[in-house]
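Note that this is a predicted model, so its numbers are computed, not measured.
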Amino acid sequence: MERRFHELEGLITKAKQQQIREDEETNDGDSDDTDLQIFCVSCGHPINPKVALRHMERCYAKYESQTSFGSMYPTRIEGATRLFCDVYNPQSKTYCKRLQVLCPEHSRDPKVPADEVCGCPIVKDVFELTGEFCRVPKRKCNRHYCWEKLRRAEVDLERVRVWYKLDELFEQERNVRMAMTNRAGLLALMLHQTIQHDPVTTDLRTHTER
């Protein structure tokens, strides 16, 4: 998972080095259905499909910032980079436990320069990378809005799930080792009990022991 994290950062760096193509500026999914509208999943307002991703992302961040996810302790994971927000709130005395890249309360999206390229990797058949990048100016590209943030959040969420799974496995290993250590103890031997369900037989030894 850490390798995937560094591979994604390298891909984003490579994407930012692409040059803007002027002939791709108009190829941004323009549609003749100007009257077509869809409804925002957060606020329910009708919006144009061309700007739907941009509106829904901002609308979701606005509602998400109204809820707090906190813990009394900061996150300390050795070797992990950029996971939780961990900004301290002195009023509630808690540390923010949202993903750092998705936290709308403590992180702001950087201002996009006019000459910055979108750079989103182009895929075919949903998952297969073509090696090409979207070269539309980032301000005008509605199709790949905030693609870096969403890709980073996807990788970070998988990393968090792996850390939780590792924590569960460490706890199970600790319980097994503790049980292995205590199984030959005097207290466990004294608490053992053998029940003979046959009332006629009183000698519990085998024929060989006799």
Side-chain angles (χ1 to χ4, degrees), residues 1-16 38 40-43 52-110 112 118-134 138 141-181:
M1 296 308 300
E2 289 296 322
R3 187 180 72 251
R4 283 187 59 191
F5 165 76
H6 292 292
E7 287 176 354
L8 177 61
E9 293 301 317
L11 180 66
I12 293 176
T13 303
K14 182 179 178 181
K16 289 182 180 296
I38 60 176
C40 175
V41 295
S42 298
C43 65
L53 287 177
R54 193 179 298 268
H55 171 88
M56 289 183 183
E57 185 67 26
R58 292 177 178 174
C59 201
Y60 171 77
K62 181 178 69 175
Y63 285 101
E64 181 73 8
S65 61
Q66 298 175 4
T67 307
S68 297
F69 300 91
S71 172
M72 296 179 62
Y73 307 100
T75 304
R76 293 187 180 93
I77 301 178
E78 185 178 354
T81 308
R82 194 200 68 209
L83 273 180
F84 295 105
C85 177
D86 270 339
V87 173
Y88 183 69
N89 186 348
Q91 295 181 346
S92 60
K93 297 181 179 180
T94 57
Y95 294 88
C96 179
K97 290 304 171 185
R98 291 190 185 94
L99 288 179
Q100 184 178 353
V101 293
L102 286 182
C103 183
E105 191 175 358
H106 305 114
S107 63
R108 301 291 180 183
D109 294 333
V112 180
C118 172
C120 181
I122 304 297
V123 296
K124 66 177 181 179
D125 299 331
V126 183
F127 298 109
E128 186 178 350
L129 291 173
T130 61
E132 298 180 357
F133 299 90
C134 175
K138 196 168 187 178
C141 185
N142 294 314
R143 187 181 300 174
H144 307 123
Y145 181 69
C146 287
W147 72 270
E148 304 106 315
K149 181 170 74 172
L150 297 178
R151 290 282 186 93
R152 284 170 172 157
E154 181 183 2
V155 173
D156 289 356
L157 185 59
E158 289 296 325
R159 292 164 66 208
V160 169
R161 287 173 178 169
V162 170
W163 279 114
Y164 282 152
K165 187 64 178 178
L166 279 175
D167 190 55
E168 293 177 5
L169 293 176
F170 284 142
E171 182 67 20
Q172 292 178 16
E173 181 185 12
R174 187 183 68 84
N175 293 334
V176 169
R177 290 187 181 276
M178 185 178 296
M180 291 172 63
T181 305

- prompt: Do you know which two heavy atoms are closest between Arg152 and Ile12, and how far apart they sit?
  reply: NE-CD1, 3.5 Å
task: Might you work through the side-chain contact (heavy atoms from CB on, under 4.5 Å) test for Arg143 and Cys134, ending with a clear yes or no?
output: CA-CA 10 Å; Arg143 187 181 300 174; Cys134 175; over 6 Å; no
query: How far does OG1 of Thr75 sit from CZ of Phe84, to the nearest 0.5 angstrom?
result: 5.0 Å
- prompt: Any donor-acceptor pair under 3.5 Å linking the side chain of Asp86 with the backbone of Pro74?
  reply: no
message: Could you check whether Glu158 pairs with Arg4 (Lys NZ or Arg NE/NH1/NH2 to Asp/Glu carboxylate O, under 4.0 Å)?
response: no
query: Could you give the distance from OH (Tyr145) to CE (Met56), rounded to the nearest 0.5 Å?
result: 13.5 Å
Under-4.0 Å salt bridge between Glu148 and Arg151: no
- request: Measure the spacing between CG of Leu11 and NZ of Lys14 and express it to the nearest 0.5 Å.
  value: 7.5 Å
Closest approach of Tyr63 to Cys43 (non-hydrogen atoms, all atoms of both residues): OH-CB, 3.9 Å
task: Give the C-alpha distance, both sets of side-chain angles, the deciding distance and a yes or no for side-chain contact (heavy atoms from CB on, under 4.5 Å) between Tyr88 and Lys93.
output: CA-CA 7 Å; Tyr88 183 69; Lys93 297 181 179 180; 3.5 Å; yes
- request: Test the Lys97-Phe69 pair against the cation-pi criterion, namely NZ or CZ under 6.0 angstrom from the six-membered ring centroid and within 45° of the ring axis.
  value: no
- line: In short, Cys141 meets His144 closest at the heavy-atom pair SG-ND1, 3.4 Å
query: Should Lys124 and Glu132 be marked as a side-chain contact (heavy atoms from CB on, under 4.5 Å) after you check the CA-CA gap, both sets of side-chain angles, and the distance that decides it?
result: CA-CA 11 Å; Lys124 66 177 181 179; Glu132 298 180 357; over 6 Å; no
message: On a heavy-atom basis, which atom in Tyr95 and which in Tyr73 lie closest, and how many Å separate them?
response: CD1-C, 3.7 Å
- request: Report the distance from atom NZ of Lys62 to atom CZ of Arg58, rounding to the nearest 0.5 Å.
  value: 11.5 Å
- prompt: Looking only at heavy atoms, what is the nearest atom pair of Cys146 and Glu57, with distance?
  reply: SG-CG, 4.4 Å
Distance-minimising heavy-atom pair for Ile38 and Ala52: CD1-CB, 3.5 Å
- prompt: Where the side chain of Trp147 meets the backbone of Pro121, is there a donor-acceptor pair that is under 3.5 Å apart?
  reply: no
- prompt: Checking side-chain contact (heavy atoms from CB on, under 4.5 Å) for the pair His106/Gln100: CA distance, chi angles, key distance, verdict?
  reply: CA-CA 8 Å; His106 305 114; Gln100 184 178 353; over 6 Å; no
task: Assess whether atom OH of Tyr60 is packed by more than 12 heavy atoms of other residues, nucleotides or ligands within 6.0 Å.
output: no
